[in-house]
Protein chains: 2
Amino acid sequence: MAPDSTRRSAKSRRAIYDAALALVGEVGYPKTTIEGIAARAGVGKQTIYRWWSSKAEVLMEAFVDLSAQAAEAAGGAADGDAAHGDGAGGDGIPDTGDLEADLKAVLRATVDELNDPRYEAPARALAAEGVGNPAFAEEFVATLLMPSLELYVKRLRAAQDAGQVRAEVDPYIARDLFVSPLAQRWLQRTGPLDHTYADRLVEYALHGIAPR
Amino acid sequence: MAPDSTRRSAKSRRAIYDAALALVGEVGYPKTTIEGIAARAGVGKQTIYRWWSSKAEVLMEAFVDLSAQAAEAAGGAADGDAAHGDGAGGDGIPDTGDLEADLKAVLRATVDELNDPRYEAPARALAAEGVGNPAFAEEFVATLLMPSLELYVKRLRAAQDAGQVRAEVDPYIARDLFVSPLAQRWLQRTGPLDHTYADRLVEYALHGIAPR
DNA sequence: GTCCGGCGAGACGTATCGTCTTGTCGGCCT
DNA sequence: AGGCCGACAAGACGATACGTCTCGCCGGAC
C-alpha cells in the first residue's frame with residue numbers, strides 16, 4: 001500500500017517543487033492546479049497523488065525546501081523557517097545585553113523577509129489555507145512558525161533574568177505584542193511594512209504607551 | 001446591460017443569504033459552491049450570477065446582513081461590524097476616564113464575538129479569501145473592519161488629550177498592539193482566546209514589559 | 001390587457017478533480 | 001548477465017462545478 005520511498009525519484013520531486021512555486025507566483029494559489037503542476041513539471045499526476053495528499057501539502061514542502069536552500073546559501077546551519085511570523089533564523093536572536101536593539105534588529109530582518117517577493121505568493125497561500133483548514137494550520141504553525149517564534153520567548157526569558165523585563169510578565173504574550181502586528185499588517189495589507197513600524201512596535205511594547 | 005435593481009426579488013436575496021451562511025457552516029467554504037447555494041435557496045443560478053461576481057461577494061453581503069440583523073436585535077442603531085478584528089460595535093468605545101478599564105471591556109467583548117460559533121465559519125472564510133485576494137481584502141477591510149478599528153484610534157486620542165497616553169505615540173500603531181494579537185490568535189488558533197489574554201494585552205501595552 | 005424584465009429550471013461545453021490503466025525504464029538481487 | 005519489481009510519464013475515465021445560455025412563467029408598471 002505505502003509506496004517505497006527508497007525508490008523515489010529526486011528529479012521528479014525537484015521538478016514538482018519548482019513547478020508548484022512558479023505556478024503559485026504566476027497564476028495565484030486558487031488557480032494553481034495539480035494537473036497544472038504535473039504538466040509543468042513533466043510528471044504524471046499519479047506521481048503527485050502518490051506522495052502528497054493535497055496541493056497545500058505540495059506547496060508547503062516546496063516552501064520548506066526553498067527556505068532550506070536559502071538558509072544553506074546564506075551560510076550557517078539550515079533552519080527551515082523564513083518568511084512568516086518571525087524572521088529569527090535558525091541562528092537564534094542575538095543577545096548583546098541591549099534588549100531593545102536586539103529586538104529591533106530581528107524585527108527589521110523579519111520585515112525584510114516578509115517583503116521579499118520570492119516568498120510572498122507561496123507564504124500567503126499557506127497562510128490562507130491555514131485560516132480555513134485547522135488540520136493544515138496545525139502542521140503549518142508547528143513546522144514553519146513555532147521553531148522561530150520560540151526563540152523570542154527564549155530571548156525574553158534571558159531579559160527577565162537580566163532584570164530588563166519584569167519577572168511576572170508572560171513571555172509568550174509579550175512576544176505576541178511584537179510579532180502579531182507585523183503578521184497582521186502583512187496579511188491584511190493594512191499599511192506599509194517597514195523598519196519604522198518595527199521600531200515603534202518594540203518601543204511601545206517595551207515601555208508602554210502611557211506616561212512613564 | 002445592468003440589471004434593474006428596482007425589480008429585484010427580496011425573497012430570493014434572503015434565501016440566498018441564508019443558504020450561503022448555512023452551507024459555509026455545514027460543509028466549509030471551499031466546498032460551498034454557487035450551484036449548491038442556488039439549489040439550497042431554490043433559486044436559479046443566473047439569479048446569483050446576475051447580482052454577484054463571486055461566492056466571496058455573496059458571502060460577504062450575507063455576513064454584513066447577518067451582522068446588521070444582530071445589531072438591530074441588540075438594540076441601538078445598526079452598525080455593520082461584528083466578529084473580526086474589533087468588537088467595538090457602532091456604539092463607540094466607552095470613555096469613563098479609566099483608559100485601562102475601557103480597553104479591557106471592549107477587548108473582552110471582541111473576544112466573545114470572535115468565539116461566537118454563529119460567526120466563526122463565515123468570518124474565517126472571508127479572512128481566508130482576503131489573504132489571497134488583494135481586491136477583496138480591500139473591500140473587506142474597508143467595509144467590515146475599518147469603521148470599528150477607527151473607534152480605537154478615537155478613544156486613544158481622547159486619552160492623549162487627557163494625558164493618559166504620551167502625546168508622541170502614534171495611535172494607529174498603539175491600536176495594533178491591542179487588536180492584532182487577538183486577531184492573530186484567532187486566525188491561527190495558536191492558543192486560547194479568553195478574557196485573561198485580553199487583559200494582559202492591555203496591561204502590557206499600556207505600561208510596557210520593562211521595569212517601570 | 002399588454003409589455004418588460006427578473007425569476008426558476010436546467011441544458012450546454014469546458015476544466016479540474018481523483019482514480020485507474022498501460023507501457024517504459026532503471027536499480028537491485030540473484 | 002538476466003529477470004523482477006515498482007516508480008514513473010502519459011492519459012483515459014466518470015464525476016462535479018464552472019459560467020453562459022435559453023426557455024417559459026409570472027408580477028408589477030403603464
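Naming: A, B, ... by sequence-line order, numbering from 1 per chain. Every value quoted in this text rests on a predicted model; they were computed, and no experiment measured them.
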Review point. Looking at residues at least two apart in the chain, or sitting in another chain, which of them share a salt bridge (charged side-chain N to carboxylate O under 4.0 Å, His left out) with B:Asp112?
Key: none

Review point. Using a heavy-atom cut-off of 4.0 Å to chain B, what are the terminal contacting nucleotides of DNA chain C, in 5' to 3' order?
Key: C:dC4 to C:dA11

Point to revise | Under the side-chain hydrogen bond (donor to acceptor under 3.5 Å, both in side chains) test, residues paired with B:Arg185 that sit two or more places apart | key: none

Exercise for review: Mind listing the residues from residues 25-35 of chain B sitting with a heavy atom below 4.0 Å of DNA chain C? Number order is fine.
Suggested key: none

Revision key, fill the gap. Those residues at least two apart in sequence (or on a different chain) that pass side-chain hydrogen bond (donor to acceptor under 3.5 Å, both in side chains) with B:Ser54 are none

**Study point:** Nucleic acid footprint by protein, nucleotides 2-12 of chain D - heavy-atom cut-off 4.0 Å, B for base, S for sugar-phosphate alone
**Key:** ---BBSBBB-B

Check your understanding: Residues in side chain to side chain contact (heavy atoms under 4.5 Å, CB included) with A:Asp18, at least two apart?
Key -> A:Arg14

Point to revise | side chain to side chain contact (heavy atoms under 4.5 Å, CB included) partners for A:Val153, two or more places apart | key: A:Glu150, A:Arg157, A:Pro171, A:Tyr172, A:Arg175

Practice item. Using atom types as modelled and distance alone, determine if a side-chain donor or acceptor of B:Arg40 lies under 3.5 Å from a backbone N or O of B:Ala20. Key: no

Exercise for review: Please collect all salt bridge (Lys or Arg N to Asp or Glu O under 4.0 Å) contacts where either partner lies in residues 46-59 of chain B, sequence neighbours excluded, each pair once.
Suggested key: none

Check your understanding: Looking at residues at least two apart in the chain, or sitting in another chain, which of them share a salt bridge (charged side-chain N to carboxylate O under 4.0 Å, His left out) with A:Glu138?
Key -> none

Review point. Got a sec, which residues hit salt bridge (charged side-chain N to carboxylate O under 4.0 Å, His left out) with B:Glu35, two or more places apart in sequence or on another chain?
Key: B:Lys45

Review point. For B:Asp170, which residues count as a salt bridge (charged side-chain N to carboxylate O under 4.0 Å, His left out) partner, sequence neighbours excluded?
Key: none

